[in-house]
Protein chains: 2
Amino acid sequence: MFSKSCEYAIRAAIYISAESSKEKKAGIADICDHIEAPRHFTAKILQILTRNKIVSSQKGVNGGFYLTKEQNTKPLSDIVSATDGNVLFNGCGLGLKECSEEEPCPLHEKFGVIRAEIKRMMEESSIESMAKKLKKGNGFLRAEVF
Amino acid sequence: MFSKSCEYAIRAAIYISAESSKEKKAGIADICDHIEAPRHFTAKILQILTRNKIVSSQKGVNGGFYLTKEQNTKPLSDIVSATDGNVLFNGCGLGLKECSEEEPCPLHEKFGVIRAEIKRMMEESSIESMAKKLKKGNGFLRAEVF
DNA sequence: ATAATAAAAGACAATTGTGTCTTTTATTAA
DNA sequence: TTAATAAAAGACACAATTGTCTTTTATTAT
């Protein structure tokens with residue numbers, strides 16, 4: 001469904017949000033530990049998110065990634081668009097460039113419904129609402145090590 | 001959502017079904033013309049489908065691909081499983097290996113609903129029902145050239 | 001000012017997905 | 001039985017995605 005980049009991006013953003021609520025900035029090493037993601041690759045992805053103003057970052061001592069109040073309210077759909085583009089939200093299920101109401105693919109109608117629901121799900125899920133689940137202990141971003 | 005392989009596979013299967021209903025076997029060149037897909041790549045994908053008994057093939061003169069009555073009733077989900085595996089139908093939206101009811105990712109519940117609907121959509125759509133739309137002229141597998 | 005820190009950026013490597021071309025095998029019409 | 005046909009199979013080639021490593025830049029505590 002989503003690319004690896006997107007999966008890491010969402011998980012990282014949620015973790016950063018949770019840490020931000022504790023007034024902490026999160027460093028890459030810390031983030032990757034907690035979401036079980038490859039370090040340098042995730043660093044790149046976070047650069048995309050900062051360029052798109054989805055997360056904030058600060059260099060230097062005591063620096064790291066964090067979210068402003070406004071950024072916290074952003075929907076996961078923004079992360080998907082930034083990493084994977086909008087094909088998932090707009091594209092044809094069978095990959096046809098010219099698929100439309102006038103010239104639909106055989107799956108057009110059914111797929112349209114699904115696509116709209118995916119979009120709605122991601123638009124309705126804010127980063128902070130996801131982080132909230134983490135903090136309440138009924139949400140995980142990696143397998144727990146006991 | 002689906003891989004290119006899967007998109008071509010579904011489109012090819014639907015076209016073969018439509019031709020089959022006219023008691024015709026479809027050759028690769030013909031198939032690729034009608035679904036706008038790369039020839040040799042599609043040939044490979046059709047090998048996967050025949051190995052999985054989703055389509056039938058016959059070599060030699062007057063040979064080609066066709067569907068038996070039973071194969072015609074198969075759901076598109078079979079094609080997805082054959083080409084892309086079952087990650088889309090079973091996997092975690094955020095790519096967590098260990099995501100479960102007990103240890104869910106923050107998107108678990110919402111994504112579960114979507115995933116089930118995708119699965120249902122593909123299980124409820126038979127190859128022949130898709131081919132029917134083609135034949136009725138309200139379904140296309142490529143941009144029409146006028 | 002300096003050293004330590006941490007993100008940004010760039011170069012590169014490995015893997016997977018996609019696509020092309022050629023040879024082989026099976027089938028059938030003649 | 002032979003020639004023509006069409007799928008199967010195998011060897012590559014190219015591109016995109018994913019992942020690693022190193023260097024640079026900005027920030028801040030001292």
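This one's a predicted model, so the numbers in the text were calculated from it and none came from an experiment. So that the names make sense, note that chain A is the first sequence line, chain B the second, and so on, each numbered from 1.
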**Student:** Charged N to carboxylate O under 4.0 angstrom, B:K4 versus B:E7?
**Tutor:**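 The answer is yes: the pair qualifies as a salt bridge.
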**Student:** Treating B:R142 as the side-chain partner and B:D33 as the backbone partner, does any N or O pair qualify as donor plus acceptor under 3.5 Å?
**Tutor:** yes
**Student:** Tell me, which of residues 56-71 of chain A have any heavy atom that sits under 4.0 Å from an atom in DNA chain D?
**Tutor:**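 Output list: A:Q58, A:K59, A:G60, A:V61, A:N62.
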**Student:** List for me each residue that meets salt bridge (charged side-chain N to carboxylate O under 4.0 Å, His left out) alongside A:K24, sequence neighbours excluded, and say none if there are none.
**Tutor:**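 Here the qualifying residues are A:E19.
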**Student:** How would you list, by chain and number, every residue that makes a side-chain contact (heavy atoms from CB on, under 4.5 Å) with B:E70, sequence neighbours excluded?
**Tutor:**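 For B:E70, the residues satisfying side-chain contact (heavy atoms from CB on, under 4.5 Å) (neighbours in sequence not counted) are B:T68, B:K74.
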**Student:** How long is the line joining OH of B:Y8 and C1' of C:dT20, in whole Å?
**Tutor:** 13 Å
**Student:** Find the distance A:R11:CZ to D:dT18:P and express it as a whole number of Å.
**Tutor:**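 It is 13 Å, rounded to the nearest whole Å.
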**Student:** Examine distances only and state if a side-chain atom of A:S129 and a backbone atom of A:S125 form a donor-acceptor pair shorter than 3.5 Å.
**Tutor:** no
**Student:** I'd like to check B:C92 versus B:C105 (side-chain heavy atoms, cut-off strictly below 4.5 Å). Are they in contact?
**Tutor:** yes
**Student:** What integer distance in Å separates A:I48:CD1 from C:dA8:C1'?
**Tutor:**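 One finds 13 Å between C1' of C:dA8 and CD1 of A:I48, rounded.
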**Student:** Counting only N and O atoms by type, is there a donor-acceptor contact under 3.5 Å from the side chain of B:Q71 to the main-chain atoms of B:K53?
**Tutor:** yes
**Student:** Can you check whether B:R51 has a side-chain N or O nearer than 4.0 Å to OP1 or OP2 of D:dA7?
**Tutor:** no
**Student:** Near DNA chain D, counting only heavy atoms under 4.0 Å, which residues of residues 15-37 of chain B show up?
**Tutor:** B:A26, B:G27, B:I28
**Student:** Does A:H34 have any side-chain contact (heavy atoms from CB on, under 4.5 Å) partners at least two apart in sequence or in another chain, and if so, which?
**Tutor:**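 Partners of A:H34 by the side-chain contact (heavy atoms from CB on, under 4.5 Å) criterion, ordered by chain and then number, come out as A:Y15, A:D30.
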**Student:** B:S20 side chain to B:L67 main-chain N or O, any donor-acceptor pair under 3.5 Å?
**Tutor:**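 Checked: pair present.
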**Student:** Roughly, in whole Å, what's the span from CG in B:D84 to P in C:dT18?
**Tutor:**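 Result: 8 Å.
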**Student:** Shorter than 3.5 Å, N or O on both sides, protein versus nucleotides 11-17 of chain D: list them out with atom names.
**Tutor:**
residue: D:dA11; atom: N6; partner: B:K44; partner atom: NZ; Å: 2.7

**Student:** Between C1' on C:dG17 and CZ on B:F2, what's the gap in Å once rounded to a whole number?
**Tutor:** 17 Å
**Student:** Measure the distance from CZ on A:R39 to C1' on C:dA8 and round it to the nearest whole Å.
**Tutor:** 12 Å
**Student:** Carefully, step by step, assess B:T83 and B:I10 under the rule side chain to side chain contact (heavy atoms under 4.5 Å, CB included).
**Tutor:** CA-CA 10 Å; B:T83 54; B:I10 293 175; over 6 Å; no
**Student:** Does a donor on one side chain and an acceptor on the other come within less than 3.5 Å for A:T73 and A:E128?
**Tutor:**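 The criterion, which ignores hydrogens and geometry beyond distance, is not satisfied for A:E128 and A:T73.
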**Student:** So, does A:T50 get its side chain near the phosphate of C:dA8, meaning an N or O under 4.0 Å from OP1 or OP2?
**Tutor:** yes
**Student:** Using only heavy-atom distances, decide whether a donor-acceptor pair under 3.5 angstrom links the side-chain of A:Q47 to the base of C:dA7.
**Tutor:** no
